[in-house]
Amino acid sequence: MPELPEVETIRRQLAPHVEGRELTVLDILDPRWCLPLAPEALRDALEGRRVERLGRRGKYLAWELEDEAYLLMHLRMTGTLLLDPPPATPYVRVRLALDGGERELRFCDPRRFGTGELALGAAARDAFFDLRLGLEPLSGELTGEALRRMARGRRAPVKAFLLDQRRIAGVGNIYADEALFRARIHPLRPAGSLSRAQCDALAAAVHEALSAGLAAGGATIDDFRDAEGVSGAFQDEFLVHRRRGEPCPECGGTVVKMVAAGRGTYVCERCQPRPRRRRARAPVGLRAAG
DNA sequence: CGACACTCCTGATGGC
DNA sequence: TGCCATCAGGAGTGTC
């Protein structure tokens, strides 16, 4: 599933092919893609405009067209954005053409969770992102101190904290697991219980995990493909994610799978010690030991 | 405000 | 081997 490194990989590949060109066709085949707006609304607002820049914010791909018209794409679980794909490519939801067909793009998405949203004016775009997204983790904003401020007083598991896009933008299930392992922090630790040193370590670990993913061209588990249709390589470098039953690369213990924040979560509980249970109100003696 | 369940969707997976 | 139920999950919404 595309997270920040996967989206950034696509952005870097596509930018030289789309920037400076005119979006001549925006053909939205699946109206669900742009709900609640109709496909015609996006087409009328965007067709014929020049692409000034292809940007990214969190997991969003942000098409910046002339006169401050923005198309904000999200790939969600299974979306891909393919450059000049083979004609038989399935699950096409949107077709885009640049410079009258000089370049063709297809937004393909078997599960149909992907979205495209329209923002007219820089203020509308900023409002859209400000409502949904927090710090950009690769921009230098994500310091240990910033993380500590956001986590203070929060009792939710730190994994849920990392997945909350309104605090840190772009971290998904894969990179949350990898960052927590690198920082030696158990995913069920209450976010607000982390020490200052652990906040520093976690901020650095998020940066490292995302950077490693980006350097490998992203991770492909099921569906992710870059703009050329090529799989990423980072799945081969996962330290714990999707490695249930395998030896921990650090201590040789066994990686286990559990559920945290409602997500499949992989952890080495020797390197990432389980948080102590909160004090129970019931008499201790009434409970059987785990 | 925060935490959690539910929802969308469909290919992959697993149990029998 | 084949079928069917269940799972997976990003983010929006609803509920307490």
Side-chain angles (χ1 to χ4, degrees), chain A residues 1-8 10 28-37 56-62 72-81 89-94 107-119 127-137 149-180 187-193 206 209-210 213 218-225 231-232 235 238 240-245 257-267 275 278:
Chain A
M1 50 292 319
E3 305 181 25
L4 188 155
E6 287 74 28
V7 178
E8 179 64 16
I10 290 173
I28 299 170
L29 308 173
D30 180 2
R32 170 175 291 280
W33 190 73
C34 55
L35 281 176
L37 295 185
R56 180 195 56 74
R57 178 82 169 87
K59 302 176 194 172
Y60 284 87
L61 204 53
L72 310 176
M73 288 185 173
H74 200 303
L75 301 171
R76 295 289 176 100
M77 309 286 304
T78 55
T80 53
L81 189 57
T89 303
Y91 310 116
V92 177
R93 308 300 175 196
V94 181
F107 190 109
C108 302
D109 187 5
R111 235 169 271 190
R112 301 173 66 205
F113 281 3
T115 56
E117 312 212 31
L118 177 67
F128 179 91
F129 285 144
D130 288 348
L131 191 66
R132 293 167 175 79
L133 303 178
L135 299 184
E136 272 300 319
R149 267 200 309 275
M150 291 189 287
R152 199 171 64 193
R154 308 207 56 224
R155 286 187 292 179
V158 62
K159 172 129 180 188
F161 172 82
L162 289 178
L163 293 177
D164 185 346
Q165 302 300 298
R166 290 168 301 183
R167 307 202 184 260
I168 303 170
V171 178
N173 202 34
I174 294 170
Y175 294 96
D177 281 1
E178 294 294 289
L180 287 167
L188 294 179
R189 275 286 296 276
S193 78
V206 167
L210 294 173
T220 296
I221 291 174
D222 297 315
D223 300 270
F224 172 72
R225 298 292 184 275
S231 299
Q235 65 281 0
F238 288 169
V240 289
H241 189 74
R242 295 251 170 170
R243 296 211 180 279
R244 168 164 54 175
K257 182 181 184 184
M258 65 181 63
V259 174
R263 300 283 179 264
T265 298
Y266 298 82
V267 55
R278 285 189 306 164

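Each chain gets a letter, A, B and so on, in the order the sequences are listed, and its residues count up from 1.
Residue side chain A:R111 reaches the base of C:dA8 through a donor-acceptor N/O pair under 3.5 Å, judged by distance alone. Contact of A:R132 with C:dG10 (side chain to base): no donor-acceptor pair of N or O atoms is detected under 3.5 Å.
The nucleotide whose nearest atom lies closest to any side-chain atom of A:R32 is, among B:dC8, C:dG9, B:dG11, B:dC8. Checked against C:dG10, B:dC9, C:dG12, the side chain of A:Y60 finds its nearest nucleotide in C:dG12. Side chain of A:P157, nearest nucleotide from B:dA3, C:dA11, B:dC4: B:dC4.
Atom CZ in A:R167 sits about 15 Å away from atom P in C:dA11, given to the nearest Å. For the pair A:M77 CE and C:dC7 P, the computed distance is 15 Å after rounding to whole Å. What separates CD of A:Q165 from P of C:dG9 is a distance of 15 Å, to the nearest Å. For A:R76 and C:dA8, the CZ to P distance is 19 Å, given to the nearest whole Å. The CD1-C1' distance, from A:I168 to C:dA11, rounds to 17 Å in whole Å. Protein atom CE of A:M73 is 16 Å distant from nucleotide atom P of C:dA11, rounded to whole Å. Taking atom CZ of A:R244 as the reference point, atom C1' of B:dG14 lies 12 Å away to the nearest angstrom. The nearest whole Å value for the distance from the CG atom in A:L75 to the C1' atom in C:dG10 is 11 Å.
Here the side chain of A:D177 pairs no donor or acceptor atom with the backbone of A:H241 at under 3.5 angstrom.
A:V206 has its side chain within reach of A:V171: a pair of non-hydrogen atoms, C-beta onward, lies under 4.5 Å apart.
A:G262 comes within 4.0 angstrom of no nucleic acid atom, judged by non-hydrogen atoms across all strands.
Side-chain nitrogen and oxygen atoms of A:R263 include at least one within less than 4.0 Å of the OP1 or OP2 phosphate oxygen of C:dG10. Contact between the side-chain N/O atoms of A:H74 and the OP1/OP2 oxygens of C:dA11 is found at a separation under 4.0 Å. Listed pair A:Y91 / B:dG11 meets the phosphate criterion, a side-chain N or O lying under 4.0 Å from OP1 or OP2. Between A:R155 and the phosphate of B:dG2, there is no side-chain N or O to OP1/OP2 separation shorter than 4.0 Å. Between A:K257 and C:dA8 there is a side-chain polar atom (N or O) within less than 4.0 angstrom of OP1 or OP2.
Taking the centre and axis of the six-membered ring of A:F128, the NZ or CZ atom of A:R132 falls inside the cone set by 45° and 6.0 Å.
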*Take A:L81 and A:M73 through the side-chain contact (heavy atoms from CB on, under 4.5 Å) test and state the conclusion after the steps.*
CA-CA 10 Å; A:L81 189 57; A:M73 288 185 173; 3.9 Å; yes
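The ring of A:F113 does not lie on top of the base of C:dA11; it is either too far (5.5 Å or more) or too tilted (30° or more).
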